Amino acid sequence: MHKIPRIALVIPCFNEQEVLTQTNLTLISLIKHMIASNEIASDSYLLYVDDGSRDNTWNLIEKFAIEEPVVRGLKLAANVGHQNALIAGLEAVKDACDAAISIDADLQDDIEAIPKMVAEFKKGYEIVYGVRSNRDSDTWFKRESAQGFYRVMNNLGVKSVYNHADFRLMSAEAIKDFLEYDERNIFIRGIIPLLGRTQTSVHYERKPRQAGESKYPLKKMINFAVDGITSFSVRPVRLVFFLGLGFMLVALGIFVYVLIRYFGGETIEGWTSLMLSIWFCSGVVLISLGIIGEYIGKIYTEVKHRPRYSIEKSI
Ligand code: UDP
Ligand code: MG
């Protein structure tokens, strides 16, 4: 390969004071080692994006940046969520690197995969996914819910890389392409495969969180899943349509039944079937409204075009 690439590691952090010092030591020694062995350029660096933490996270980042010139920091003015924090970081590094690698602050993702990603990049791959070979370190619930989610996504026709989170390398050009996706309800994992270019994966074992606790409680996980599905797939709407067709058929059956009872001279008994159909139809109408409402909600937030984040300071 001709040129030694300049790499930026982008690390979103939200209330990570328990784990950040260890993370920083580990990443700095990795990056220095890779610089020393000429795997990456000497002006490669780490960028911590503080996603509106309420604890000591930003003070730590400032301290790291003063102590070590390879460390940079970006403080978002408020908590905007992992995905938006990541976008803020990518936006910040896009003109100051050849490729950027995004990794979680808790280092659950094996940093040994980073040199492998860089090696793939040097081979010419512009997007390299970190894919975990198993989920043994996750709780039963997290594992099952995540795998169920990937299955649903696939069935709904959303391309996404199985068992890949947001641990990936992207070339500066791929990042610029990605940033053209200007939607507010963003599900990064669903967009990257759409970018095309040359893509590959490296595999690693995912470890348990080193310290602190997961910043993705059930509520955020559900929001994330709903976002992922509704911002990529219109199949739920089609499902409603087919549900409607099904109910038309049922209604036809009821109609035939009512006619038979009518000609049999037992008209009073129609009450039961009437009640049944009223209940069923109301159910269908409500489900349909719920789903359509979800999409209208999307249109609403899309139309508002709120900024994804606002930067308070950078160092
Ligand atoms: N994170 C963030 N903003 C948030 C929530 C999480 O920047 O609102 C970061 C967090 O600091 C971590 C990454 O996103 O670096 C992944 O979060 P976590 O490890 O808690 O998720 P899990 O691994 O449990 O899915
Ligand atoms: Mg984690």
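It should be emphasised that the depicted structure is a prediction, and the values quoted were computed from it without experimental measurement. Side chains included, hydrogens not; waters and symmetry mates left out as well; all remaining heavy atoms used. Residues: numbered from 1 along the sequence shown.
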Should Leu74 and Phe14 be counted in the same cluster of Ile, Leu, Val, Met, Phe, Trp and Tyr side chains packed under 4.5 Å apart? no
Is it true that Ile103 and Leu25 fall in one hydrophobic cluster, defined by side-chain heavy atoms closer than 4.5 Å? no
Of Arg189, His164, Glu120, Gln199, the one forming a side chain to side chain donor-acceptor pair (under 3.5 Å) with Tyr129 is Gln199
Whether Lys116 and Glu112 form a salt bridge (side-chain N of Lys/Arg under 4.0 Å from carboxylate O of Asp/Glu) is what I want to check. no
Do the side chains of Arg132 and Asp110 get close enough for a salt bridge, i.e. N-O under 4.0 angstrom? no
Are a donor atom and an acceptor atom from the side chains of Gln17 and Asn59 found within less than 3.5 Å of each other? no
For the residue pair [X] and [Y], what are the closest heavy atoms and their distance?
X	Y	answer
Ile4	Ile40	CG2-C, 3.1 Å
Val49	Gly89	CG2-CA, 3.6 Å
Lys94	Lys176	O-CE, 3.6 Å
Leu20	Ala105	CD1-CB, 4.2 Å
Asp55	Glu16	OD2-N, 3.5 Å

Can a donor-acceptor pair be found, under 3.5 Å and without considering hydrogens, that links the side chain of [X] to the backbone of [Y]?
X	Y	answer
Asp51	Gly81	yes
Ser133	Tyr204	yes
Ser102	Asp166	yes

Measuring only between side-chain heavy atoms, which start at C-beta, is Leu27 closer than 4.5 Å to Leu107? yes
